[in-house]
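Note that these values count all heavy atoms, side chains included, but never hydrogens, waters or copies made by symmetry. Quick note on labels: first sequence line is chain A, next is B, and so on, each numbered from 1. If you're wondering where the values come from, they're calculated on a predicted model, not measured in any experiment.
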2 protein chains.
Amino acid sequence: MNKRKQPARGSGKCPVTFALDIFGDKWSLIILRDIVFKGKRHYGEFLNSAEKISTNILASRLAKLESEAVIVKTRDTQNLSRFVYSLADKGRDLLPLLLDMIEWSVKYDPQPDASGPVISGAPDRLLERLHEDRDALIAEIITGMEERNQ
Amino acid sequence: MNKRKQPARGSGKCPVTFALDIFGDKWSLIILRDIVFKGKRHYGEFLNSAEKISTNILASRLAKLESEAVIVKTRDTQNLSRFVYSLADKGRDLLPLLLDMIEWSVKYDPQPDASGPVISGAPDRLLERLHEDRDALIAEIITGMEERNQ
DNA sequence: CTGTATCCTTAGGGATACTG
DNA sequence: CAGTATCCCTAAGGATACAG
């Protein structure tokens with residue numbers, strides 16, 4: 001009897017567990033960060049992120065995130081040999097969480113990168129605006145992201 | 001030359017990476033959920049969560065979260081043979097993130113648990129209130145948690 | 001350059017025994 | 001019961017070769 005095999009903890013259970021099963025791994029949120037803040041859309045761009053994800057893991061995460069409908073994979077009309085990865089609604093709705101995460105890290109990282117925006121690629125005054133007009137800020141980031149996808 | 005050994009990606013870098021290095025594992029947020037919403041404070045209570053964390057992993061996560069100052073470990077004055085685990089400020093400040101996570105899951109889980117609050121132990125109308133008066137709701141949850149710790 | 005496939009290592013973590 | 005220690009296995013993921 002194989003009692004080792006654990007079922008996925010996901011759907012129908014606790015919302016925290018549900019979320020963790022989808023993006024609670026070492027790389028998924030990094031990829032989303034790259035899409036949202038760095039404007040990345042292509043395989044090679046993700047490969048080049050500072051954290052150096054390896055190609056097999058990248059492929060597997062993109063596939064999983066696509067299968068979970070967090071991102072969408074479409075053929076690049078400018079270059080048929082590659083795809084464009086962009087956020088689906090389900091991925092866009094992770095932006096508040098991503099912002100909370102950034103805010104928390106900025107508050108507690110003892111060695112912050114002092115210069116420039118709190119996360120490279122993000123609008124200036126990100127955290128201030130997060131409190132002043134949270135929803136507007138989120139809308140603006142999403143709009144900016146979509147404009148790049150034209 | 002051992003090029004395999006990866007350094008921790010943490011401090012001084014991207015805020016997303018910083019956060020993931022502290023609580024971006026399979027269990028940390030589950031433990032925080034148990035503290036915040038289920039009122040758990042003792043080792044055995046964490047062991048009994050639905051996700052069945054094993055005892056060695058629990059010990060290792062509690063130690064890491066304590067070393068990162070996310071939680072605080074104090075001796076239980078009622079029973080000197082055990083400890084009480086509670087949130088430090090750094091842990092309390094993860095509550096917004098936890099709430100965003102729950103909101104996201106409730107929106108996208110195809111098989112929600114229909115009855116009762118969105119997460120067992122949480123106040124009713126959690127999500128509505130999250131929009132109406134986010135800060136007040138967060139304050140209330142924290143107050144409720146601290147009262148249990150008296 | 002965009003990905004896929006293969007091989008291999010290791011950290012995460014499960015089962016369980018054990019100590020106070 | 002609270003927590004530690006040990007043993008072992010699996011799955012995440014790193015290096016690299018390869019195909020289109």
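- Considering only residues two or more places apart in sequence or on other chains, Arg92(B) meets the salt bridge (charged side-chain N to carboxylate O under 4.0 Å, His left out) condition with Asp89(B), Glu146(B).
- When rounded to the nearest whole Å, the span between CD1 of Ile53(A) and C1' of dT16(D) equals 16 Å.
- Close to dA11(D), at under 4.0 Å from its OP1 or OP2, lies no side-chain N or O of Lys26(A).
- Within residues 61-69 of chain A, no residue has any heavy atom closer than 4.0 Å to DNA chain C.
- Screening residues 88-116 of chain A for ring pair (Phe, Tyr, Trp, His ring centres under 6.0 Å), with sequence neighbours left out, gives Trp104(A)-Tyr108(A), Trp104(A)-Phe23(B).
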Polar pairs (N or O, both sides) under 3.5 Å between protein and nucleotides 2-5 of chain C?
from, atom 1, to, atom 2, distance (Å)
dT2(C), OP1, Arg82(A), NH1, 3.2
dG3(C), OP1, Phe83(A), N, 3.4
dT4(C), O4, Thr55(A), OG1, 3.1

Please tabulate, for the side chains in residues 58-70 of chain B, all donor-acceptor contacts under 3.5 angstrom to protein atoms that are two or more places apart in sequence or on a different chain.
from, atom 1, to, atom 2, distance (Å)
Arg61(B), NE, Asp25(B), OD2, 2.7
Lys64(B), NZ, Asp21(B), O, 2.7
Ser67(B), OG, Lys64(B), O, 2.8

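- With sequence neighbours excluded, no residue forms a ring pair (Phe, Tyr, Trp, His ring centres under 6.0 Å) with Tyr43(B).
- Under the side-chain contact (heavy atoms from CB on, under 4.5 Å) criterion, Arg134(B) pairs with Asp100(A), Arg134(A), Pro96(B), Asp100(B), Leu130(B), Ile138(B), not counting sequence neighbours.
- Remark: C1' of dA12(D) and CG of Asp25(B) are 14 Å apart, rounded to the nearest angstrom.
- The closest side-chain heavy-atom distance from Ile119(A) to Cys14(B) is below 4.5 Å.
- Residues passing the side-chain contact (heavy atoms from CB on, under 4.5 Å) test with Glu132(A) are Arg125(A), Glu128(A), Arg129(A), sequence neighbours excluded.
- With sequence neighbours excluded, no residue satisfies ring pair (Phe, Tyr, Trp, His ring centres under 6.0 Å) with Phe83(B).
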